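So the structure is just underneath, and the comments pick up after that.
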2 protein chains.
Amino acid sequence: MEKLGTVQSVDRALSLLEALASHTGGARLTALARETGLPPSTTHRLLTTLEQRGFAQFDPAATRWHIGRKAFAVGVAFTRWQSFIAAALPFLRRLRDLSRETANLGVLEDGEVITVAQVESREIIRAIAPPGGRAPVMNSGMGKAIVATWPDHAIDALVARHGLRPATRHSLTSLEAVHAEIGLTRARGYAVDDEEFTPGMRCVAAVVWSPTGDPVGAISISALAARLPVEGLPAMGASVREVADELTRAMGGAPPG
Amino acid sequence: MEKLGTVQSVDRALSLLEALASHTGGARLTALARETGLPPSTTHRLLTTLEQRGFAQFDPAATRWHIGRKAFAVGVAFTRWQSFIAAALPFLRRLRDLSRETANLGVLEDGEVITVAQVESREIIRAIAPPGGRAPVMNSGMGKAIVATWPDHAIDALVARHGLRPATRHSLTSLEAVHAEIGLTRARGYAVDDEEFTPGMRCVAAVVWSPTGDPVGAISISALAARLPVEGLPAMGASVREVADELTRAMGGAPPG
DNA sequence: CCTGATCTTCCACATCGTGGAAAACTTCTA
DNA sequence: TAGAAGTTTTCCACGATGTGGAAGATCAGG
């Protein structure tokens with residue numbers, strides 16, 4: 001095998017998909033075999049495998065093979081993800097400029113928040129957790145913003161499954177405290193991490209909704225506590241929420257119902 | 001081997017592609033392994049094979065796997081399969097020139113309309129949603145034009161499954177409103193998006209039929225509401241419908257029956 | 001520093017992918 | 001229309017390649 005670590009038969013099937021894609025009007029088995037350098041019987045078996053999974057289609061009338069609908073459905077997922085981040089970036093920049101602090105985009109995964117995009121503050125001294133950084137949901141502004149949209153029983157289940165992981169002396173340590181915090185978050189329309197994950201850092205976050213009415217992520221501002229005093233949280237929270245709502249609208253999203 | 005004549009490793013790779021596509025925010029190796037029931041080392045090797053061919057991509061910062069660009073490129077070929085875009089482009093250009101507005105071609109996918117081709121207005125200020133852009137079916141002229149060809153029970157099922165996602169205060173918010181709008185669409189022969197997706201934008205759309213009698217897509221004109229007042233909708237609608245009918249004929253298509 | 005979780009690499013082995021041959025089918029030509 | 005040529009599909013012996021458990025590496029948390 002020349003290509004290190006690749007599965008030859010998968011490689012060949014993908015070559016066939018690409019060959020198919022290059023033929024607007026479809027292609028015949030022997031033409032595809034010639035193009036990919038595969039024997040006709042191998043080509044046939046790989047094509048029928050792709051066909052059974054909907055990635056290829058056969059038109060018996062014209063004896064032509066075409067790309068199948070499933071390949072389209074899978075490929076569209078690429079634009080969905082790319083367009084989410086691309087759509088969010090100008091809003092993150094705007095939020096960064098409004099606040100002069102670092103703006104983040106995060107998503108939930110398995111009880112944690114992952115920062116998937118970030119626009120850094122221009123200040124020399126600034127709050128940075130690198131993209132890819134993770135935080136337990138209930139220690140994180142973004143996590144709390146997302147979870148606050150959930151029904152209470154789902155929040156209970158999350159805490160039961162993942163526990164609470166107090167990182168500082170400000171962190172939430174009981175289910176009662178969690179629900180009190182969620183109640184505040186819902187009332188305000190934005191969430192606060194008040195030195196609950198990293199001492200000396202505060203974070204304000206608001207949820208972003210997908211077109212399907214799912215809380216797909218959250219955006220936030222993270223700042224040194226010295227630069228974002230408690231008295232400044234409401235104004236900052238309003239800004240974050242406003243930009244999050246705009247991002248939601250720009251994506252054709254909305255809360256459910 | 002349970003599936004007759006299929007290549008197991010290709011089958012597995014395709015399962016991984018589908019699993020990836022179902023995760024908007026990307027997925028980690030162990031989650032994908034769990035979902036597909038494959039051992040982590042097998043999952044890893046198949047993913048890296050997909051990655052080397054561009055069908056998957058890895059974000060090391062978040063240790064997440066995503067669908068790759070090549071999957072999109074291959075998937076788009078599905079629409080081309082019917083010589084759809086190629087055939088439609090001259091008609092879109094004609095429609096653009098007739099109307100002096102941006103002309104679009106869209107298809108339905110999973111409760112949304114995806115714009116797969118576009119010919120932009122030559123005006124300096126014009127209505128643009130980029131190709132690849134998505135909109136909920138019932139907020140979109142093109143979506144409504146296509147769905148209006150469906151039987152009522154299929155429309156009910158679509159709404160039941162995907163809900164209505166009002167984006168503006170003009171959007172449809174009830175099943176009754178949906179059916180009233182569908183009734184109008186059928187009577188007129190064209191559909192209207194009257195600032196239902198984007199404030200300040202109107203869209204007029206008409207369905208395109210495939211040779212097999214399927215409502216395969218729709219073409220539309222999107223314009224700033226200021227440039228397309230309500231009084232102008234009937235004339236514009238007639239133009240869009242006429243060009244859509246010509247495209248249908250050029251493709252050897254026709255409505256069923 | 002230790003522990004546990006996750007990810008990556010390795011390799012012996014047997015499963016499964018293979019491709020040539022044969023059979024079946026379709027199209028073309030005289 | 002029959003035969004030839006081309007295309008597609010099926011079959012199966014065999015060895016190439018895919019495999020998954022184990023080991024190693026890395027990372028995160030206490």
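Predicted model, so just to flag it, every value in this text is computed and none were measured. Convention: sequence-line order gives letters A, B, ...; per-chain numbering from 1.
- Annotation: side-chain hydrogen bond (donor to acceptor under 3.5 Å, both in side chains) contacts involving residues 33-44 of chain A, sequence neighbours excluded, comprise A:H23-A:E35.
- The pair A:E101-A:R227 meets the salt-bridge criterion, with a side-chain N (NZ, NE, NH1 or NH2) lying under 4.0 Å from an Asp/Glu carboxylate O.
- In the set D:dA22, D:dT17, C:dT6, C:dT6 carries the atom at the smallest distance from any side-chain atom of B:R28.
- Rounding to whole angstrom units, CG of residue A:L164 and P of D:dG29 are separated by 16 Å.
- Of the candidate nucleotides C:dT8, D:dG20, C:dC16, C:dT8 has the atom nearest to the side chain of B:P40.
- As a whole-Å value, the separation of B:W65 CH2 from C:dC7 P is 10 Å.
- No donor-acceptor pair closer than 3.5 Å links the side chain of B:T6 to the backbone N or O of B:Q8.
- When the nucleotides D:dT19, C:dG19, C:dC7 are ranked by their closest atom to the side chain of A:V7, D:dT19 comes out on top.
- One interatomic measurement links the two molecules: CG of A:D11 to P of C:dT18, which rounds to 11 Å at whole-angstrom precision.
- Distance from the side chain of B:F58 is smallest to C:dT8 among D:dT19, C:dT8, D:dT9.
- Between the CG atom of B:L47 and the P atom of D:dG18 there is a distance of 16 Å, rounded to whole Å.
- A straight line from CZ of A:R34 to P of C:dG19 spans 17 Å, rounded to a whole angstrom.
- Salt-bridge annotation for A:R202 and A:E196: absent, with no side-chain N of the basic residue lying under 4.0 Å from a carboxylate O of the acidic one.
- Checking D:dT8, D:dT17, C:dG19 against every side-chain atom of A:R45, the shortest atom distance belongs to C:dG19.
- Between A:H44 and D:dT8 there is no side-chain polar atom (N or O) within less than 4.0 angstrom of OP1 or OP2.
- The side chain of B:S41 approaches D:dG21 more closely than any other nucleotide in the set C:dG19, D:dT19, D:dG21.
- No side-chain N or O of A:T102 forms a donor-acceptor pair with one of A:S222 less than 3.5 Å apart.
- Toward the 5′ end of DNA chain D lies the nearest nucleotide of A:T30, the other residue of the pair A:T30 and B:R12 mapping further downstream.
- Rounded to whole Å, atom P of D:dG18 lies 11 Å from atom CG of A:L46.
- Remark on DNA chain D: of its neighbouring residues A:L29 and A:V10, the 5'-side contact belongs to A:L29, judged by nearest-heavy-atom nucleotide.
- Between the side chain of A:T42 and the base of C:dG17 there is no donor-acceptor pair of N/O atoms closer than 3.5 Å.
- At a cut-off of 3.5 angstrom, the base of C:dG17 holds no donor-acceptor pair with the side chain of A:S9.
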